[in-house]
Amino acid sequence: MTARSGRGRQREPRGSESATMDAVLLRRVNRWRAQAVSGELADLYVDSRQTSPRAAYRPPGRQDFLNRLTAEIRRPGFTMMIAETDGLVGCAFGFPVRSDGFWRPGFDGALPRDIVRLTASHGVFAITDILIRPHPRDKHVARRLQERLLSDQHAALGATLVNRFDHPALAALCSWGWLDVGEIWRPVSATLLRALVLPVGERTAARPAGLAHGAWTRWPG
């Protein structure tokens, strides 16, 4: 997923202590600030999700993103990290996973035991979106955003769900270190999603290969 910010906008987002990444500043913002700059975030989303007219998959539009953002902001533990230079260049946001309801109903088959264990111990943080302005170094910005967001949450594992037909988003996430662990069917929206996870440094003993191909735990029917 890639994105760019609107031009000529004032740098409004402000939050907790920041870290300089070359010329890019990372900041955590609270739910009220995120709501206040929702229009700018929607611009970032629209630009990041531009696709060819011939593309088979068409991502949800601006209003769909705003509706989803409003719902996400209301979740307990909602957290957003933004990246800025002279304007907004990226953001990542999500919420802590408190139960296995994130994975089911709908997970197809089995789930690695390490994911079951980390979910039960509240070690999983779901990243809803990562939006990045198109740039030759967008992979670098994306990696730092997701790492900082998960680190601030003391998470051992990141998790996200992506429409199985959204190939650009899936390719981007895999290039940023995410691992595909299976499919989830959401009957309410009649959508088949790919479930991806991102192990975080030394806080998890689960190796990427183990998460992708290791011991499996099957959910009871």
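The residues of the chain are indexed from 1 along the displayed sequence.
- Phe78 and Phe95 have their aromatic ring centers separated by at least 6.0 angstrom.
- The side-chain heavy atoms of Asp152 and Met81, taken from C-beta on, include a pair separated by under 4.5 Å.
- A distance of 8.0 Å separates CG in Leu150 from CD in Gln153, rounded to the nearest 0.5 Å.
- Contact annotation: the side chain of Arg186 never approaches that of Leu192 to less than 4.5 Å [non-hydrogen atoms, C-beta and beyond].
- Side-chain contact between Thr85 and Leu25 is absent, with no heavy-atom pair separated by less than 4.5 Å.
- Between atom CZ of residue Phe125 and atom NE2 of residue His154 there is a gap of 12.0 Å, rounded to the nearest 0.5 Å.
- When all heavy atoms are compared, the tightest approach of Thr128 to Gly94 is OG1-CA, 3.7 Å.
- For Arg62, the CZ atom counts as densely surrounded, since its 6.0 Å shell holds more than 12 non-hydrogen atoms of other residues, nucleotides or ligands.
- Between Leu157 and Val200, every side-chain heavy-atom pair lies at or beyond the 4.5 Å cut-off.
- Salt bridge annotation for Arg68-Asp64: absent, with no cationic side-chain nitrogen under 4.0 angstrom from a carboxylate oxygen.
- Atom CZ of residue Phe65 and atom CG of residue Leu44 lie 7.5 Å apart, to the nearest 0.5 angstrom.
- In this structure, the side chains of Ile115 and Val181 come closer than 4.5 Å at one or more pairs of heavy atoms.
- To the nearest 0.5 Å, atom CZ of residue Arg75 and atom CZ of residue Arg31 are 11.5 Å apart.
- Of all heavy-atom pairs spanning Ile130 and Ala92, the tightest one is CG1-CB, 4.2 Å.
- Here the shortest heavy-atom pairing between Ile82 and Leu145 reads C-CD2, 3.9 Å.
- In this structure, the side chains of Leu198 and Gln146 come closer than 4.5 Å at one or more pairs of heavy atoms.
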Handout entry: side-chain contact (heavy atoms from CB on, under 4.5 Å) assessment of Val24 paired with Arg144
Key = CA-CA 10 Å; Val24 179; Arg144 290 296 300 273; over 6 Å; no
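- Judged by distance alone, with hydrogens and angles left aside, the side-chain atoms of Arg143 form a donor-acceptor pair with the main-chain N or O of Ser175 at under 3.5 Å.
- Within the 4.5 Å cutoff, side-chain heavy atoms of Leu66 are placed close to those of Gln63.
- Considering every non-hydrogen atom in both Phe93 and Met80, the closest pair reads CD2-CE, 3.5 Å.
- Between Leu196 and Arg194 the shortest heavy-atom distance is CD1-O, 3.6 Å.
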Practice task
Would you please test Trp103 and Thr119 for side chain to side chain donor-acceptor pair (under 3.5 Å) and show each step?
Solution key: CA-CA 9 Å; Trp103 306 104; Thr119 300; 3.1 Å; yes
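- The side-chain heavy atoms of Leu41 and Leu131, taken from C-beta on, include no pair separated by under 4.5 Å.
- Among all heavy-atom pairs drawn from Leu69 and Ser38, the shortest one is CD2-CB, 3.8 Å.
- The distance from atom CD1 of Ile184 to atom CZ of Phe102, rounded to the nearest 0.5 Å, is 6.5 Å.
- Distance check, rounded to the nearest 0.5 Å: CD1 of Ile127 to CG of Leu161 gives 12.0 Å.
- In this structure a side-chain-to-backbone donor-acceptor pair under 3.5 Å is present from Thr79 to Gly77.
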